[in-house]
Structures are given as C-alpha cells and as structure tokens.
Engineer: 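Just dropping this structure here.
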Amino acid sequence: MARLGSWIEPHPQGIYVPAADAWIDPSQPVPRALVTHGHADHARDGHGAVLATPETLAIMETRYGPQSGQGVAYGETVVLGDVTARFVPAGHVLGSAQIVLERKGERIVVSGDYKRRADPTCAPFEPVPCDIFITEATFGLPVFRHPDTGAEVDRLLEALHANPTRCVLVGAYALGKAQRLIAELRLRGHHDPIYIHGAMERLCSLYQELGVDLGELVSATAASKEQLRGKIVMCPPGALNDRWSRRLPDPITAMASGWMRVRQRARQRNVELPLVVSDHADWDELTSTVQELAPQELWVTHGREDALVHWCITRQIRAKALALVGYEDEDD
Ligand SMILES: [Zn+2]
Ligand SMILES: [Zn+2]
C-alpha cells in the first residue's frame with residue numbers, strides 16, 4: 001500500500017498536488033492555485049488561475065485588480081484530475097476556507113489559517129475528520145492562550161469612556177482584524193461612528209457589500225481634531241507611530257493582535273493598551289482541534305511547530321513539520 005499522503009508534495013513555496021496540477025497557497029505565481037484566504041502571505045498575485053471562495057476572490061481583486069479565477073462556494077466540490085477539492089469554513093477571516101482534498105478514499109484537510117472562537121464577520125470553523133490534517137501553528141506553544149475576546153473589547157471601551165478628551169487609536173490588520181474588532185464593538189453596544197485610516201476603506205466597504213454590518217464608518221483623514229475626541233480611530237499597525245497619527249487628539253495607542261500577549265512586542269510599537277485579539281488558534285484550540293479530528297498524521301505548515309509535533313508524538317499521532325517559507329503571520 002502506498003504511504004499515506006503520497007499524492008501530495010510539500011515544497012518550501014507551498015503544497016503541490018500533482019494529480020490535480022494545483023498548488024495550495026503558493027508563495028510564487030503558478031498556473032493553478034487553490035487559495036485558502038485573502039491574507040497576502042497566502043494569496044499572491046499573478047497566478048494563471050485561482051480557485052477560492054467568492055469572498056476570497058473579491059478580496060484578491062480589491063487588492064490586486066482582476067484575477068482569472070473561479071469562485072467555489074463553501075461545500076461545493078470541484079474535480080481536478082482524480083482529486084476532488086471542497087472548501088469549508090476556517091473561521092479566520094471573511095471567505096477563509098480549509099481545503100478538503102480526497103483521492104482514492106484518502107482525505108487530507110489543509111486548514112490554512114484558522115481559529116475556533118466566534119467571529120461575527122465570518123462563518124465558523126467546520127471540523128472535518130480526516131486521515132491527514134495539515135495545520136498552521138502560529139501560536140503553537142503552551143504559553144499562548146488567548147483571553148476572552150469580549151473582555152479585551154471591554155477594556156478598549158473602558159479606556160475610551162474614561163478619557164473623553166482623547167481618542168483611542170487602534171492598530172489592526174486591514175483585512176479581517178479591523179472588521180472583526182468593529183463588529184465586536186457594535187455587538188457590545190458601541191454605535192458611535194468609528195473613524196478609519198484611508199488604507200482600510202476599500203476592505204471595510206467590501207465587507208459591507210458582502211453583507212457584514214460594520215455600522216457607521218467615517219474617513220479619519222477628513223475629520224478635525226475636535227471631532228475625534230472621545231472616538232475610536234482605527235489604522236493599520238504600520239501607521240500607529242507615523243506622522244499620520246500626530247494630528248489626532250492625544251491618542252491612547254492600542255493594538256489588537258495575538259502577539260500583544262508578548263510584552264516586548266507591545267513595547268516595540270509604543271502600545272499603551274495591548275489588546276490580545278487573535279485570528280489564529282491558540283495552543284488549546286490547536287490541540288483540541290487535533291483531538292477532535294483524530295487524524296492519523298498531522299503536518300505543520302508554519303509557525304512554532306516543535307511543541308505541537310511533540311504533543312502529537314506523545315499521543316501516538318504521527319507528526320512532522322513542513323517548514324514552508326514565506327508565511328509571515330504578521331497579519332495577526
Ligand atoms: Zn491569515
Ligand atoms: Zn498566515
């Protein structure tokens with residue numbers, strides 16, 4: 001009998017499926033790519049053809065311009081040679097998908113990036129039992145345990161309400177994290193206009209066009225200092241400390257990221273109010289997902305793989321690190 005998973009090839013630049021002549025999240029342009037989600041380290045420009053969910057394709061087109069692609073809705077199956085591919089929700093950002101590959105009775109799930117907790121801006125992760133689960137491990141260390149998201153959002157609102165003459169400037173990645181944070185604020189009853197940096201406008205509009213309610217968003221560029229007092233302003237992390245923020249009224253600098261768990265990272269960015277909000281699975285989510293899916297083998301694409309591989313081996317699950325390159329996960 002052939003070795004499990006002998007029909008897929010991990011390469012440093014992505015996972016190749018020869019029988020389907022397709023790459024998954026390749027870091028270089030290829031003739032045919034299956035793309036899990038719209039973050040730049042997974043969705044590159046320049047492929048011959050892209051197969052992705054309609055939302056991911058729309059995100060890629062917003063960022064890169066027209067793509068020669070085929071939208072594959074959640075649950076829909078495409079046949080590529082003697083392989084079938086199905087996209088199921090990954091709970092990471094709008095449109096994010098795990099790719100379920102099947103060939104001759106063997107099932108391999110490529111998770112892409114994922115998380116298990118609720119996110120009002122995207123469909124929840126759907127567990128698919130499989131023979132091989134190919135996972136990320138961005139936060140694959142037992143020290144990474146993300147706190148309750150609602151409690152982090154409450155801390156943001158408390159800082160805002162305690163400082164009515166200042167504003168809270170929140171750094172958040174422009175795809176996914178920003179929209180999730182806005183939606184979480186709305187769920188907690190914050191209905192004031194939220195001011196956004198120009199670099200976030202197109203993706204926020206796209207989310208709203210695709211049916212995600214973000215409430216009233218206003219361009220921060222056009223707003224006066226007076227208007228911004230007592231308000232939340234959002235910008236990409238890179239804009240937190242640049243000239244752009246100097247015109248804001250005495251901002252309380254916040255940042256929403258799983259990395260805010262690491263004090264040194266918060267200090268590097270002069271973040272006064274670190275908010276630990278992540279779009280990736282933490283250690284408990286990674287290990288409970290492996291237990292739930294009960295694969296025969298676990299392959300780890302990127303991140304901190306050693307602890308997770310060790311955790312599997314002590315539980316008689318075969319595991320290996322693929323050490324794919326180019327997946328930064330600065331996106332968190
Ligand atoms: Zn991602
Ligand atoms: Zn990633």
Side-chain angles (χ1 to χ4, degrees), residues 10-15 23-28 33-45 47 50 52-53 55-60 62-64 74 87-99 109-117 119 121-126 133-141 144 146 149 171-181 183 200 203 206-207 210 212 236-238 255-261 265 276-283 285-286 289 299-305 308 321-332:
H11 293 263
Q13 65 272 31
I15 291 165
W23 290 80
I24 299 174
D25 290 355
S27 58
Q28 282 156 18
L34 310 180
V35 173
T36 60
H37 67 285
H39 279 146
D41 53 332
H42 298 259
R44 308 267 175 177
D45 193 14
H47 300 309
V50 175
T53 64
E55 295 85 358
T56 295
L57 270 183
I59 289 165
M60 291 176 74
T62 298
R63 295 186 133 177
Y64 303 136
Y74 289 138
F87 289 66
V88 307
H92 176 58
V93 297
L94 182 64
S96 65
Q98 309 169 71
I99 299 175
V109 173
V110 183
S111 72
D113 293 340
Y114 67 99
K115 69 174 175 292
R116 302 300 304 266
R117 26 191 109 190
D119 178 337
T121 66
C122 67
F125 179 95
E126 185 183 313
F133 185 53
I134 303 184
T135 184
E136 54 130 331
T138 303
F139 291 108
L141 285 175
F144 289 117
H146 306 323
T149 307
Y173 195 73
L175 169 58
K177 187 64 58 63
Q179 296 79 16
R180 179 184 177 203
L181 205 62
M200 286 180 168
L203 284 167
L206 178 66
Y207 264 62
L210 294 173
V212 179
M255 178 156 158
S257 163
W259 295 115
M260 289 297 102
R261 175 83 175 63
R265 296 233 190 179
V276 187
V277 179
S278 175
D279 284 329
H280 290 270
D282 68 4
W283 175 255
E285 292 169 68
L286 290 169
T289 300
W299 297 4
V300 184
T301 52
H302 63 290
R304 279 131 210 86
E305 59 264 337
L308 190 59
L322 304 181
L324 303 193
V325 296
Y327 301 90
E328 307 296 337
D329 287 313
E330 281 303 317
D331 58 1
D332 204 71

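Each ligand, and each atom within it, is numbered from 1 in the order the structure gives.
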Engineer: Considering only NZ, NE, NH1 and NH2 on the basic side and carboxylate oxygens on the acidic side, decide whether K115 and E285 come within less than 4.0 Å.
Structural biologist: no
Engineer: In D113, the N, O or S atom nearest to the Zn ion (ligand 1) is which?
Structural biologist: OD2
Engineer: Specify whether H42 and Y327 have parallel, tilted or perpendicular ring planes, treating 30° as the upper limit for parallel and 60° as the lower limit for perpendicular.
Structural biologist: tilted
Engineer: I need the E136 CD to L322 CG distance, nearest 0.5 Å.
Structural biologist: 13.0 Å
Engineer: Between the Zn ion (ligand 2) and H42, which N, O or S atom of the residue is the nearest one?
Structural biologist: NE2
Engineer: What N/O/S atom of H39 is the closest to the Zn ion (ligand 1)?
Structural biologist: ND1
Engineer: Which of parallel (below 30°), tilted (30 to 60°) and perpendicular (above 60°) describes W23 and H11?
Structural biologist: tilted
Engineer: With the Zn ion (ligand 1) as the point of reference, which N/O/S atom of H37 is the closest?
Structural biologist: NE2
Engineer: Please round to the nearest 0.5 Å and tell me the distance separating atom SG of C122 and atom OH of Y207.
Structural biologist: 7.0 Å
Engineer: Any idea which N/O/S atom from H92 gets closest to the Zn ion (ligand 1)?
Structural biologist: NE2
Engineer: Please determine if the Zn ion (ligand 1) has an N/O/S atom from H280 lying under 2.8 Å away.
Structural biologist: no
